[in-house]
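Per chain, numbering begins at 1; letters A, B, ... match sequence-line order.
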Protein chains: 2
Amino acid sequence: MRDEGDEVRPEQTMQDRAYQTLRHALIVGKLPPGKGISLRAMAEDLDVGVMPMRAAIARLSAENALTVHDNRRVSIPEMTTDRFDQLMQARLLIEPTCAMRALGAIDEATLARIRAHDDEINRSYQIGDAELYMASNHAFHFEIYRAGRSEVLTHLLESVWMQFGPFMRTVYGAVGAVRLTDKHEMAIDAIERRDVTRLKLAIEADILDGMDLLGKSIFTQPAEMRSVSAASGQA
Amino acid sequence: MRDEGDEVRPEQTMQDRAYQTLRHALIVGKLPPGKGISLRAMAEDLDVGVMPMRAAIARLSAENALTVHDNRRVSIPEMTTDRFDQLMQARLLIEPTCAMRALGAIDEATLARIRAHDDEINRSYQIGDAELYMASNHAFHFEIYRAGRSEVLTHLLESVWMQFGPFMRTVYGAVGAVRLTDKHEMAIDAIERRDVTRLKLAIEADILDGMDLLGKSIFTQPAEMRSVSAASGQA
DNA sequence: GAGCGCTTATTGTGATCACAATTATTATGA
DNA sequence: TCATAATAATTGTGATCACAATAAGCGCTC
């Protein structure tokens, strides 16, 4: 049985709307690390009821994108060298695999969108728009990964990205202007040539570039615990 | 098990209790894939209010441990070859790394607990207790991983394990009795000798063994209807 | 006996209120 | 002036009710 108007199914609920809004804010780093997230206050800010906001916060907390303290209070996660280490390790492990799994499913239309995202990244550099960079960079990567329909793996990656979004945004001003050799174009080139090995290397290199840049700026923290290298072993 | 230590801080809330209960049921595979999870019905079963159960279900759903359909209805995830592929891929990527990160932090007391879990696994084989096997196997692995305090990575792994728990339990009857060369003892041996490479190999081999066993049972018919039977003959 | 329309039951979503605990603020003391 | 106690505001947790949408039963007709 079917309905003529298909607005029945994808009718977005309030909690979905609240979730998407907060999630996007995390990804582009609109909220600073350590900032407290209050139920009623945030509900007021996003102009949404308390119940949807409660569901949204619970969901983000379950995805490790928000930190819940012993007080049952919630806040934007603070970055530590150890957490940064694990997040980048997770990226290095999962993202190349995701990209390789997706390569065969990237058609011309998808590739066009990937290029468009990369153009947006370049534009963000020129105009110095940090949030645009964050959003476009996320879109670029997940346009690739999502093409492979690897729901399980991409879900893990979404969690990882939301966790370092706020921190990454705070250090954008210090390192964001610097641009190394573009690994994104290398990835696009690999996709065009259907070269899985090169695509894997491009993704790895892109992550390592980011690690190298962001890793340095972590030493501003009260760094009593600092493990030197970000990722130890590499397969 | 654990008793009340300092009840001031970690005073468990109702939603935590509901979450832990459901989570344990998923890990040991007490609930069959495809089974619908209703809010009020499950709240009645676990003898808990509707609000805590709603929070628990939302949390598990966010961790991909429960499937939420377009009807907004929730059920135990069904296994497919593609999902199984991704889950085992995630294990192979993350778990060896987690074990290596933890090795240096495994003291004698932790090692004793690891051995105890392995003994429980062996006991579960003898008495044919599937749920005991599932619980002990989970405890064995995460006793290792958690020693490294890699909260980010272990959180990802917990999500992965909950996703294949129900499916793994259904095929236990068919393949559970079989025991290959024990990779757990190999892992314990590697820990004793502080051999990171050997530990990594042991974990990898253990996962591959499980994949080999479980993977076969997936290659049955387009198995939408076969997900129920637990102890059926295997070709 | 199988398909169809109606009624009933159950579902998830959301709002609203109550409560205890914690935090912030103010008043009061030396 | 500064520490301290009392008060007020804000927090998360949980219960209860309302509502629309969907699923399940059930009687009916052909």
Side-chain angles (χ1 to χ4, degrees), chain A residues 1-23 31-32 34-78, chain B residues 4-23 26 31-32 34-78 224 228:
Chain A
M1 67 188 200
R2 71 183 76 175
D3 262 314
E4 308 190 44
D6 39 339
E7 69 266 312
V8 185
R9 261 221 276 143
E11 185 182 356
Q12 198 173 241
T13 61
M14 300 300 300
Q15 53 182 301
D16 282 339
R17 206 166 63 82
Y19 170 79
Q20 295 295 345
T21 306
L22 231 182
R23 168 194 143 91
L31 302 171
K35 176 181 175 63
I37 301 296
S38 149
L39 200 59
R40 294 172 179 85
M42 187 62 65
E44 180 114 9
D45 283 6
L46 302 190
D47 192 54
V48 79
V50 180
M51 286 295 300
M53 185 51 65
R54 198 206 298 223
I57 291 178
R59 185 169 171 186
L60 270 327
S61 301
E63 292 173 332
N64 242 353
L66 295 176
T67 300
V68 36
H69 305 194
D70 298 332
N71 330 337
R72 314 287 174 194
R73 243 162 208 157
V74 175
S75 66
I76 306 293
E78 211 104 39
Chain B
E4 72 280 10
D6 29 338
E7 65 270 303
V8 186
R9 274 307 183 79
E11 185 181 357
Q12 197 172 246
T13 60
M14 300 301 300
Q15 53 183 297
D16 282 339
R17 206 165 63 81
Y19 170 78
Q20 295 295 345
T21 306
L22 230 183
R23 168 194 143 90
L26 287 169
L31 302 171
K35 177 181 174 65
I37 301 295
S38 149
L39 199 60
R40 295 172 178 85
M42 187 63 66
E44 179 115 8
D45 282 5
L46 303 190
D47 194 53
V48 80
V50 179
M51 286 295 301
M53 184 53 63
R54 194 200 309 216
I57 291 177
R59 185 169 171 188
L60 270 327
S61 301
E63 292 173 332
N64 243 351
L66 294 177
T67 300
V68 36
H69 307 248
D70 300 332
N71 330 335
R72 314 288 173 195
R73 229 148 245 202
V74 175
S75 66
I76 307 293
E78 211 103 38
E224 283 91 6
V228 181

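In this structure, A:E11 atom CD and D:dA20 atom C1' are separated by 10 Å, rounded to whole Å. With rounding to whole Å, A:L66 atom CG is found 15 Å from D:dT11 atom P. Look at NE2 on A:H69: it is 17 Å from C1' on C:dA21, rounded to the nearest Å.
Taking OG1 of A:T21 as the reference point, atom CG of A:D45 lies at 11.5 Å (rounded to 0.5 Å). One finds the CD atom of B:E11 at 12.5 Å from the CG atom of A:D70 (value rounded to the nearest 0.5 Å). Taken to the nearest 0.5 Å, the CZ atom of A:R54 stands 8.5 Å off from the CZ atom of A:R40.
Between B:R17 and B:D47, no side-chain nitrogen of the basic residue sits less than 4.0 Å from a carboxylate oxygen of the acidic one, so the salt-bridge criterion is not met. We find that B:D16 and B:R59 are joined by a salt bridge, their nearest charged nitrogen and carboxylate oxygen being less than 4.0 Å apart.
A heavy-atom distance below 4.5 Å is not found between the side chains of A:V68 and A:I57. Contact check for A:I76 versus A:L66: side-chain heavy atoms found under the 4.5 Å cut-off. Between B:R23 and B:L26, every side-chain heavy-atom pair lies at or beyond the 4.5 Å cut-off.
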Counting primed atoms plus P, OP1 and OP2 as sugar-phosphate and everything else as base, spell out the protein contacts along nucleotides 12-18 of chain D at 4.0 Å heavy-atom distance: B, S or - for each nucleotide, 5' to 3'. BBBBB-B
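The overall bend of the helix from C:dG1-D:dC30 to C:dA30-D:dT1, read as the angle between its terminal helix axes built from five base pairs each, is 10° when rounded to 10 degrees.
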